[in-house]
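Notes follow the structure.
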Amino acid sequence: MIALAIGALVGTLRTTPMKWVVRAGNLYVEIFRNVPLIVQMFLWFFVFPEFLPKALGDWIKQIAAALELVRPGGVVPRIFTSVRVAEQVRAGINSLPRGQRMAASDGAD
């Protein structure tokens with residue numbers, strides 16, 4: 001459900017006329033789509049805590065071993081899947097003919 005919600009939001013935002021929103025959505029998709037899942041898990045588990053403030057990074061590293069495996073193992077697949085959903089939503093919206101898209105919006109295109 002989390003991947004669906006994030007993916008639908010990002011996919012919809014990537015079809016707006018606001019260039020900076022489209023670029024932010026594209027950046028999100030390109031970063032998480034082009035990096036293999038196993039590499040993302042490694043980065044979130046070992047590298048990401050090093051970029052946090054020292055106290056927070058140390059706290060994350062000192063969590064019990066079972067919890068450390070659950071966090072990246074639960075968050076990373078959701079992010080990875082949300083990117084796939086975002087691409088599907090964007091492609092679905094962009095596949096509509098211009099007239100149908102204008103009829104669904106306020107016609108300000």
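What you see below is based on every heavy atom in this structure, not just the backbone, and it leaves out hydrogens, waters and symmetry mates. Please read all numbers here as calculations on a predicted model, not as lab measurements.
Shown here for Val35 and Val39, the closest heavy-atom pair between the two residues is CG1-CG1, 3.7 Å. Nearest approach of Ala86 to Val29, heavy atoms of both residues: CB-CG2, 4.2 Å.
Side chains of Arg90 and Asn94 form a contact here, defined as non-hydrogen atoms less than 4.5 Å apart. Side-chain contact between Thr12 and Ile93 is present, with heavy atoms from C-beta onward closer than 4.5 Å. Using a 4.5 Å cut-off on side-chain heavy atoms (C-beta onward), Leu43 and Phe48 make no contact.
Linking ILVMFWY residues whenever their side-chain heavy atoms come closer than 4.5 Å, directly or via other members, places Leu27 and Val10 in the same cluster. In the hydrophobic clustering of ILVMFWY residues, with side-chain heavy atoms under 4.5 Å counting as a link, Ile2 and Ile79 come out together. Put simply, Leu9 and Val83 are part of two different groups of oily side chains (I, L, V, M, F, W, Y) that touch within less than 4.5 Å, one to the next. In the hydrophobic cluster analysis, where Ile, Leu, Val, Met, Phe, Trp and Tyr join through side-chain heavy atoms closer than 4.5 angstrom, Val85 is grouped apart from Ile6. A continuous path of ILVMFWY side-chain contacts below 4.5 Å connects Leu52 to Met41, so both sit in one hydrophobic cluster.
Residues meeting the ring-ring contact (aromatic ring centres under 6.0 Å, His included) test with Phe32, sequence neighbours left out: Tyr28.
Here Arg84 does not pair with Glu87 in a salt bridge; the nearest charged N to carboxylate O distance is not below 4.0 Å.
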List the steps, then state whether side chain to side chain contact (heavy atoms under 4.5 Å, CB included) holds for Val22 with Thr16.
CA-CA 7 Å; Val22 173; Thr16 64; 3.9 Å; yes
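The closest donor-acceptor contact from the side chain of Thr81 to the backbone of Arg78 lies at 3.5 Å or more, if one exists at all. Panel note: side chain Gln40, backbone Phe80; no donor-acceptor pair is recorded below 3.5 Å.
When only modelled atom types and interatomic distance are considered, Glu30 and Asn26 share no side-chain donor-acceptor pair under 3.5 Å.
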